[in-house]
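One structure is given below, encoded as structure tokens.
Numbers here simply count residues along the sequence, with the first being 1.
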Amino acid sequence: MVSIDSIFSSTAKRFHAKVALKWKDKDYTFGELDSLSTRFAKALSALGVGKGDRVCIFMQNSPEFAIAHFGILKCGGVTVPLNVMYRKHELRHMINDSGASAVVTSGSNLQFVQEVMKDLKTVNAVIVTSERSPEGVKSFYRIMDGFDDAPLPSVNAEEDLAVICYTSGTTGLSKGAMLTHRNFLSNISTLAEIWELNENDKVLMALPMFHIHGLGIVVHGMAYCGYTVVLHERFDAAKVLEEIRREKCTVFMGVPTMYIKLLEEKSTFHDVSSVRLWTVGSAPMPVEAFNKFKEKFGVEILERYGMTETAPVITSNPYRGRRKPGSVGPPIPGVEITILDDDGKTLPPGEVGEIAVRGPNVMKGYWNRPVETEEAFSGGWFHTGDLGKLDVDGYLTIVGRKKEMIIASGFKVFPREVEEVIHQHPKVKEVAVVGIPDPVRGENVKAFVVLKEGEKATVEEIEEHCRRNLAAFKVPRIFEFVEAIPRTASGKALNRMLAKVKVKDLMEKSVKSIDRRTSAYEAGKYMKEANVGSLIVTDGEMPIGIVTIRDILYKVISIGSLGKDVSLSSIMSTPLVTVDAEEDIAKAAAIMRQWGVWRLPVKDGNGQIIGVLSGTDIFRAFAGRKMDVPTSF
């Protein structure tokens, strides 16, 4: 039976004394990794891990990660890699959802596992890779004592599960993608052919091993091709460039943020002449960064496209042949893609629709999610949720996520198109574009901009740059300068975090005030002239309350007068409850509910009132949408 573990053992037999992993000051040969993983497999079996049982790996890049992964597969188990940035909520969900019987972790991550131990329903063993293991925790190396490295017969078939890899959760609670031995082997064997990967390569690995990009391509590529991996615990641009020079690495695989940081390195000369292949994936590569990398290093990056659910590569620009900047290339051999409209009909070249895929690399489905699985495989295709278009040559261009497409005043706006334009501004380092609810337009385009180090820019100049390059309806209505874009480990922007609507996004910026001694009649007249729905009532310079046109009308009707003899002091809302401009809109809604008010004055960081937030605007903006309003704060 052909499986990942049997392929690895076969490769280790061929290249027994060859270095498989270079880790800090130690080299691990294929023979050593094979021996250690076999002994670890036997130790897991002794702990009760059997065919189909899930084992979580929760650790940073290290040789122990590879040893644990191949050991889990050798005993018939299923690896569940966990992002090392996960904490209580995520760990509890994924460990319990997968039904893991054991967790393998590092010394630095053990504390986070211990914090949720009492909530774990199926875990029988926690194994730590550090030299010391506290009571109740097993030592990674000591549990291997007494077990030899005599080869184990493979118990895995091609269609058996190899990995349950949880999606990065950019849109909500993560789902476990069920990936088989066949899924991975079909993909890496194809990549080895089209990228010409072989035993003579030396791959610098700074991608996280827990991610599908690092595990599915680099680690499994080592097992399949027999190349050497120069392993880094994490990405550091200066160290990567130095290691490439020293080790004469031939392949580097990264995500866009890594390439942007490589571009930022101050030194003018870097010897990267040994690298024959630079690949990028996991998130769209800005065309501007692609061109600048080519200008600085004299090489073209090979862009490809894939997903957790497809083990992972779907399309790739050719290694030998024309690479199109901004495109992720045609589908790899054996994989089919099509572009579908909302009714599931195939669209012609040039038309934007949802990317659907089928092939031997596509997952079995989502773990314990039959409904989501059925939805994802509608019509015999796996629906990626990504939007894209094919050109006449069959090259795919990613436009964005289907759920992230913005509808502004009825017009479709694709975030990536706007991001590409803003990224071309010479002062911009990174950008993320999202849609936020708007009571009038349905959605507004909002851009989060990270400037290059030492640069300063105004909203006006970035907006003017957009207006010169985009249709008016695509130009962001709101710009926010931020220190960093929150991203997943694979470099995807966490748009659900960015798209959280803040008070300042919906507030009415035209703020008018009026003295408390003014009559209701005069106040109403002033509101009409100023075209505002409320006024801040002041006593001298001190804001003391707020009055709305509704307050005035109710009072006037109730007493049957024009309100000329009614002062605002008797009808204004007090105390003056305010909200910070940077506060989440859900918090503002909770404040309104607590105090029974419909409008809130909005304060800036200096305590100055800069706007008014209306409950009506919140209602209109979120009509038909879900907003979780906190009950306490």
Side-chain angles (χ1 to χ4, degrees), residues 4 7-8 11-12 14-15 18-24 26-30 32-34 60-67 69-70 81 184-185 187-237 239-256 258-259 261-262 270-282 293 297 299-304 306 311-313 316-317 319 332 489-491:
I4 297 167
I7 289 288
F8 173 62
T11 299
R14 283 193 298 138
F15 302 112
K18 184 175 185 286
V19 175
L21 284 179
K22 295 185 74 70
W23 170 249
K24 298 179 179 178
K26 182 173 173 54
D27 292 347
Y28 290 78
T29 66
F30 278 94
E32 287 172 322
L33 287 185
D34 190 40
Q60 294 83 355
N61 286 2
S62 65
E64 287 80 12
F65 193 112
I67 293 165
H69 174 54
F70 291 121
F184 283 114
L185 291 175
N187 209 242
I188 192 58
S189 61
T190 300
L191 296 181
E193 180 181 349
I194 64 174
W195 292 350
E196 301 180 17
L197 300 171
N198 59 71
E199 69 271 17
N200 297 315
D201 278 314
K202 189 177 283 188
V203 181
L204 195 145
M205 164 76 157
L207 292 162
M209 296 173 93
F210 58 73
H211 187 263
I212 191 69
H213 193 162
L215 182 64
I217 302 179
V218 183
V219 176
H220 289 168
M222 177 190 72
Y224 184 85
C225 301
Y227 55 59
T228 296
V229 173
V230 179
L231 185 62
H232 284 208
E233 184 173 344
R234 60 179 58 86
F235 177 80
D236 179 288
K239 291 179 180 177
V240 163
L241 291 169
E242 173 56 24
E243 192 92 83
I244 286 174
R245 181 197 64 78
R246 186 172 59 249
E247 291 292 339
K248 303 298 180 188
C249 296
T250 62
V251 178
F252 177 79
M253 300 182 188
V255 298
M258 290 181 177
Y259 285 100
K261 289 183 183 298
L262 289 174
H270 300 286
D271 183 4
V272 296
S273 58
S274 62
V275 182
R276 66 172 185 85
L277 175 64
W278 305 80
T279 74
V280 66
S282 298
F293 195 86
F297 294 102
V299 292
E300 276 193 347
I301 301 168
L302 187 150
E303 295 182 77
R304 58 92 184 159
V313 179
S316 173
N317 273 277
Y319 176 60
I332 64 173
S490 61

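Here Arg276 pairs with Asp201 under the salt bridge (Lys or Arg N to Asp or Glu O under 4.0 Å) rule; sequence neighbours left out.
Looking at His211, its side chain does come within 3.5 Å of a backbone N or O of His213 through a donor-acceptor pair. Between the side chain of Asp27 and the main chain of Thr29, no donor-acceptor pair closer than 3.5 Å is present. A donor-acceptor distance shorter than 3.5 angstrom exists from the side chain of Thr250 to the backbone of Lys202, with no hydrogens or angles considered. Side-chain N or O atoms of Asn198 include one that pairs as donor or acceptor with a backbone N or O of Glu196 at under 3.5 Å. No donor-acceptor distance shorter than 3.5 angstrom exists from the side chain of Tyr319 to the backbone of Leu302, with no hydrogens or angles considered.
The shortest non-hydrogen separation linking Pro63 to Leu231 is N-CD2, 4.0 Å. Nearest heavy-atom pair across Ile7 and Tyr224 is CG2-CA, 3.9 Å. Of all heavy-atom pairs spanning Val313 and Ile332, the tightest one is O-CD1, 3.5 Å.
With respect to the salt-bridge test (charged N to carboxylate O, under 4.0 angstrom), the residues Glu199 and Lys18 do not qualify. Lys239 has no carboxylate O lying under 4.0 Å from a charged side-chain N of Glu242, or vice versa, which leaves the two without a salt bridge.
Classification of the Phe184-His220 ring pair by plane angle, with boundaries at 30° and 60°, yields perpendicular. Taking the six-membered ring for Trp and thresholds of 30 and 60 degrees, Tyr259 and Phe293 have ring planes more than 60 degrees apart, a perpendicular arrangement.
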